[in-house]
Amino acid sequence: MEKKLTEIITNLDNFSIRTKMVLSVVGIILILGILMGSYLNVVQTNMMKVELNEKGISITRNLAENSVNPILTDNQVRLQWLVETIKDSETEVVYVFIVDESGDVVAHTFKGGFPIDLKGINPAIEETSTLLLDTERGSIRDISYPILNGQAGEVHVGMSQENIRTTVDKFTVSLGVFVLLLMLVGCNVAYLAGSVVSRPILELKKGVEIFGEGDLAHKVNIQSLNEVGQLAHSFNDMAEHIGYLIKEKEKTTKEILDTRNYLTKIISGSLDGIIVTDDAGKIEFINEAFIQIAESKKDELIGHDIYSLFKEECDDLKSLFNSPGSSTTSFICELSFTTSSGKSKFLVLSIGNVEYGTEVKYVAITKDITELKKLEQTKHNIISNISHELRTPLNIMKGFVEVAMDEGNDERRHGYLEKSLKALEKQSWMIQDLLEVARSGDELEKLDIITTNLNGIIEMACRSFNGKLETSDRDVVQKFEADRLVMADPEKLAYALTKLIDNALKFTDKDDYIEIGSMSAGNEVVIYVKDTGIGIARENLEQIFEKFYQIDGSSTRRFGGNGLGLSIAKHIIDQHAGKLWVESELGKGSTFYLSVPY
């Protein structure tokens with residue numbers, strides 16, 4: 001507070017003499033006007049409120065006396081005439097209503113019906129009772145008075161206080177006009193007096209302004225020998241010297257700004273992230289590209305150690321800052337990075353040092369190679385999965401066919417050929433998956449949408465397993481609600497469902513439980529496949545619908561598959577404007593849901 005007061009006093013001291021005189025006169029008049037206006041407003045408002053209150057009490061008391069006979073004789077017409085007469089005859093009266101001894105309204109002046117909020121408000125127990133109400137029409141003073149000491153009810157009259165406010169506002173405006181005129185007169189007198197005193201000072205001020213606008217050759221012409229004249233002479237000498245210095249500085253500044261703007265455009269336009277640190281590794285600057293890579297705010301990164309951003313420790317990066325005198329001045333490495341939202345990324349980091357004045361700064365260039373990493377992993381998964389999954393059925397078929405050719409027993413030969421046929425069927429499914437993935441990228445691919453039965457689609461999917469469900473040594477249960485009609489491509493939707501059922505069979509051990517069913521959910525129907533198999537870890541739930549993704553990608557994995565089933569199913573469901581999701585817990589099974597609109 002003391003500091004702020006000192007600032008105000010300092011600013012006032014900087015004003016000219018003429019300005020100070022004008023402000024002093026204006027301040028005195030303004031303070032006197034405010035004090036006088038406030039006092040008169042309070043006095044006038046209180047007088048008018050007392051007058052309005054007395055008038056309202058008189059009206060209410062007279063109405064209560066005149067209402068006795070109509071109430072006792074149950075003359076509703078007379079009562080209504082009385083309240084309307086009061087309302088029409090007095091401009092301050094906003095409303096009038098009368099209630100009987102039970103609190104029921106027997107007469108009122110509200111055209112749109114009696115407001116329920118007023119019922120029971122401001123009861124008159126013995127004598128007059130007054131309550132100030134804040135309404136949409138402004139402040140209203142509700143005055144109530146008992147009829148026959150409350151035995152026959154009570155009278156309520158609402159007196160508007162808007163006339164008081166209007167009158168006070170008019171008085172305030174008049175007083176304000178008077179104060180304004182007084183201020184204008186006082187300002188003119190103060191201005192004339194100040195002009196005589198401040199004329200040479202204003203001449204010096206004008207010279208300073210002209211000099212500030214760029215006329216460096218301007219001289220102040222004040223011939224007096226007093227303090228102001230001496231100040232003007234000193235100013236002319238100073239202006240001449242400053243003019244020379246300004247020209248030299250403008251020349252240097254222009255060169256610096258041109259270089260800075262050029263470098264700023266290069267950094268801002270870079271698609272690679274740029275980080276600048278001090279010699280200890282503290283981040284001092286980052287460009288917009290790195291903010292987008294990190295998916296963080298600028299203030300969340302500035303001030304942190306650069307090596308704290310990355311998952312694994314980089315010895316070269318730490319030694320660069322911990323050993324300033326070492327021979328390592330720059331290097332390139334590949335690091336993993338986690339954004340503030342938890343997303344993992346891979347970056348290529350190249351860093352080197354530069355000298356800035358007497359300090360050493362480090363500039364790091366980062367390139368996001370996350371997508372390249374994903375492409376490499378996808379390529380690896382494709383080659384590994386496809387080669388493994390296509391070669392296995394071929395080897396099985398070849399082995400059983402070779403054994404069948406040498407087998408003389410017809411029954412055994414038939415068994416070997418059946419196993420070969422199953423391997424061939426598995427390979428056919430995989431080839432069909434690959435074709436489906438190829439078609440999913442074709443923009444000309446269309447669905448054959450028709451009106452079809454939902455339960456029929458489920459049965460079609462179950463039949464495609466050729467009795468495998470019944471002979472799988474698993475407890476397969478089907479729970480269908482009442483059949484529904486949906487707009488869908490039956491074959492495509494059934495094909496998507498087979499992928500979910502096939503997964504349930506694959507990841508559920510023998511003698512375990514699988515449930516296939518349907519249910520309604522708002523404007524959609526939902527098909528679900530529930531199993532009690534191995535389940536899915538939480539961190540893998542978002543990735544299982546990606547193409548060629550497998551939780552266990554090793555060559556010795558326990559379960560087969562090419563990683564395409566769920567991605568194909570999701571693509572088909574998306575084409576139907578539906579949704580595909582999963583609920584799962586590791587070791588406790590999974591439930592896959594697919595929804596289709598009616």
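Any value given below was found using the heavy atoms of this structure, including those in side chains, with hydrogens, waters and symmetry copies removed. Computed from a prediction, not measured in an experiment: that's the story for all the values here.
- Proximity of S518 to V526: side-chain heavy atoms (C-beta onward) are nowhere separated by under 4.5 Å.
- Remark: the Q76 side chain and the D74 side chain contain an N/O donor-acceptor pair separated by less than 3.5 Å.
- The structure places CD1 of I274 at 12.0 Å from CD of E288, a figure rounded to the nearest 0.5 Å.
- Residues A64 and V155 share a closest heavy-atom pair of CA-CG2, 3.7 Å.
- Heavy-atom minimum distance, K87 versus V94: CE-O, 2.8 Å.
- Taking every heavy atom of both residues into account, H156 and I121 meet most closely at CE1-O, 3.2 Å.
- No side-chain heavy atom of I534 sits under 4.5 Å from any side-chain heavy atom of L586.
- Once rounded to the nearest 0.5 Å, the distance linking CD1 of I501 with SG of C462 reads 4.0 Å.
- The minimum heavy-atom distance between R78 and W81, with the atom names listed, is NH1-CZ3, 3.0 Å.
- Annotation for K282 and G303: closest pair CD-O, 3.4 Å, computed over non-hydrogen atoms.
- A donor-acceptor pair shorter than 3.5 Å can be found between the side chains of E84 and Q80.
- Other residues, nucleotides and ligands contribute over 12 non-hydrogen atoms within 6.0 Å of the CE atom of M36.
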Taking it one step at a time, do L118 and L133 satisfy side-chain contact (heavy atoms from CB on, under 4.5 Å)?
CA-CA 10 Å; L118 289 179; L133 304 178; 3.9 Å; yes
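- With salt bridges taken as basic N to acidic carboxylate O contacts below 4.0 Å, none links R538 and E585.
- Of the listed residues (N453, T452, L454), just one forms a side chain to side chain contact (heavy atoms under 4.5 Å, CB included) with L485, and that residue is N453.
- Here M519 contributes atom CE and F480 contributes atom CZ; the two are 13.5 Å apart, rounded to the nearest 0.5 Å.
- Judged by distance alone, with hydrogens and angles left aside, the side-chain atoms of T532 form no donor-acceptor pair with the main-chain N or O of G589 at under 3.5 Å.
- Taking the six-membered ring for Trp and the full ring otherwise, F114 and F97 have centroids separated by under 6.0 Å.
- To the nearest 0.5 Å, the span separating OG on S58 from CG on N53 amounts to 11.5 Å.
- E127 CD: 12 or fewer foreign heavy atoms inside a 6.0 Å radius.
- Using a 3.5 Å distance cut-off with no hydrogens or angles, the side chains of S520 and R484 do pair a donor with an acceptor.
- Distance alone, capped at 3.5 Å, is enough to place a donor-acceptor pair between the D483 side chain and the N455 backbone.
- With D574 contributing its side chain and K579 its backbone, the two residues share no donor-acceptor pair below 3.5 Å.
- Residues V157 and Y145 form no side-chain contact, since every pair of their non-hydrogen atoms from C-beta on lies 4.5 Å or further apart.
- Rounding to the nearest 0.5 Å gives a distance of 5.5 Å between OG1 of T366 and CG of L347.
- Counting heavy atoms from C-beta on, the side chains of W581 and S595 come closer than 4.5 Å.
- For the pair N66 (side chain) and N62 (backbone), a donor-acceptor distance under 3.5 Å is present.
- Enclosure of atom CG in N523 is not indicated, since only 12 or fewer non-hydrogen atoms of other residues, nucleotides or ligands lie within 6.0 angstrom.
- Summarising the local packing, CZ of F110 is surrounded by more than 12 heavy atoms from other residues, nucleotides or ligands at distances under 6.0 Å.
- For S129 (side chain) and A124 (main-chain N/O), no donor-acceptor pair under 3.5 Å exists by modelled atom type.
- Between the E524 side chain and the P597 main chain, no donor and acceptor come within less than 3.5 Å of each other.
- For the pair E583 and Y528, the minimum side-chain heavy-atom distance is 4.5 Å or more.
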Under the side-chain contact (heavy atoms from CB on, under 4.5 Å) rule, what do V477 and I516 come out as? Steps first, then yes or no, please.
CA-CA 6 Å; V477 178; I516 307 169; over 6 Å; no
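- Between I147 and S67 the shortest heavy-atom distance is CD1-CB, 4.1 Å.
- The number of heavy-atom neighbours closer than 6.0 Å to NZ of K55, taken from other residues, nucleotides and ligands shown, is above 12.
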Go through H576 and I572 one step at a time and tell me if the side-chain contact (heavy atoms from CB on, under 4.5 Å) criterion holds.
CA-CA 7 Å; H576 284 78; I572 294 174; 3.9 Å; yes
Quick one, Q161 with K49, criterion side-chain contact (heavy atoms from CB on, under 4.5 Å). Give me CA distance, side-chain angles, the key distance, then yes/no.
CA-CA 8 Å; Q161 294 193 169; K49 286 182 178 179; 4.1 Å; yes
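- Side-chain N/O atoms of D531 and S590 include no donor and acceptor closer than 3.5 Å.
- Side-chain contact between L148 and V68 is present, with heavy atoms from C-beta onward closer than 4.5 Å.
- Around CD of E51, the count of heavy atoms belonging to other residues, nucleotides or ligands within 6.0 Å does not exceed 12.
- Taken to the nearest 0.5 Å, the CD1 atom of I457 stands 9.0 Å off from the CG atom of L497.
- Sparse packing is recorded around CD of E491, with 12 or fewer heavy atoms of other residues, nucleotides or ligands lying under 6.0 Å away.
- Heavy-atom contacts from other residues, nucleotides or ligands closer than 6.0 Å to CG of D104 number more than 12.
- With a 4.5 Å cut-off on side-chain heavy atoms, V529 and Y593 do not count as touching.
- The closest side-chain heavy-atom distance from M159 to V93 is below 4.5 Å.
- Put simply, the side chain of T45 never gets that close to the backbone of V42: no donor and acceptor are under 3.5 Å apart.
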